[in-house]
**Q** 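This structure is in structure tokens; I'll ask about it shortly.
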Amino acid sequence: KNEVEQSPQNLTAQEGEFITINCSYSVGISALHWLQQHPGGGIVSLFMLSSGKKKHGRLIATINIQEKHSSLHITASHPRDSAVYICAVSRESNFGNEKLTFGTGTRLTIIP
Amino acid sequence: NAGVTQTPKFQVLKTGQSMTLQCAQDMNHNSMYWYRQDPGMGLRLIYYSASEGTTDKGEVPNGYNVSRLNKREFSLRLESAAPSQTSVYFCASSPLPRTGSYSNYGYTFGSGTRLTVV
């Protein structure tokens with residue numbers, strides 16, 4: 001079983017819909033990261049959070065440490081939101097460094 | 001623009017050839033990383049460098065070497081490329097330890113290098 005599981009793997013929605021992508025993890029973490037990758041593109045960090053909720057524009061990320069679960073929400077979705085969204089968790093490792101473990105991503109397609 | 005710069009963006013190699021992927025960051029980050037991304041799998045860590053002058057193996061280091069030339073630059077070398085190394089490679093940096101103004105700072109990734117070994 002992967003340490004980081006995302007659902008759904010693929011999601012297609014109409015423009016304007018409210019989107020939720022879920023991430024569950026099975027290890028103790030120091031932080032959880034949400035990343036965005038457009039087709040053929042680089043990876044952009046959206047959020048890093050260790051508790052509660054963060055909001056940036058139409059994107060909201062929440063985390064429940066006790067349940068080992070995080071959600072990424074997109075309000076008023078737009079075709080430009082079409083991308084792969086990746087959840088990653090960081091854990092402390094040797095010498096003050098940290099290790100990132102990645103989920104396999106959720107491919108989101110927003111239809112105009 | 002501030003960020004992580006990777007070169008080249010695309011490369012085709014023949015089996016047995018060597019090459020070096022270059023990565024540079026201008027954010028004064030201590031830590032730098034090389035990941036590979038393969039279809040159906042999460043990104044996997046090849047090597048990382050916690051600070052200038054130090055490097056450590058990640059999950060999949062076999063067939064690769066790295067050099068942390070200075071605080072800005074972290075290169076990845078394939079000495080004898082194999083088809084199994086066909087992948088998209090990402091360099092990343094992070095301001096570990098996260099103190100002061102870096103306390104809410106995550107990771108910055110480069111735009112990736114798409115490598116095909118034939």
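Scope of the values below: all heavy atoms of this structure, side chains included, with no hydrogens, waters or symmetry mates. First the proteins, then the strands, lettered A, B, ... as listed; each starts at 1.
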**Q** Name the region of B:Leu45, side chain, backbone, both or neither, that has any atom closer than 4.5 Å to a heavy atom of chain A.
**A** neither
**Q** Would you call the rings of A:His33 and B:Tyr107 parallel, tilted or perpendicular, taking 30° and 60° as the class edges?
**A** perpendicular
**Q** Please identify, among A:Val4, A:Leu49, A:Leu100, the residue contributing the most non-hydrogen atom pairs under 4.5 Å to chain B.
**A** A:Leu100
**Q** Which region of A:Gln37, side chain (C-beta onward) or backbone (N, CA, C, O), has a non-hydrogen atom less than 4.5 Å from a non-hydrogen atom of chain B, or is it both or neither?
**A** side chain
**Q** Which of the residues B:Met41, B:Arg44, B:Gln37, B:Glu59 is involved in the greatest number of heavy-atom pairs with chain A at under 4.5 angstrom?
**A** B:Gln37
**Q** With a cut-off of 6.0 Å (strictly less than), are more than 12 heavy atoms of other residues, nucleotides or ligands near CD of A:Gln9?
**A** no
**Q** Between A:Phe102 and B:Tyr35, how do the two ring planes meet: parallel, tilted or perpendicular, split at 30° and 60°?
**A** perpendicular
**Q** Could you verify whether a donor N or O on one side chain and an acceptor N or O on the other, from B:Arg77 and B:Thr20, lie under 3.5 Å apart?
**A** yes
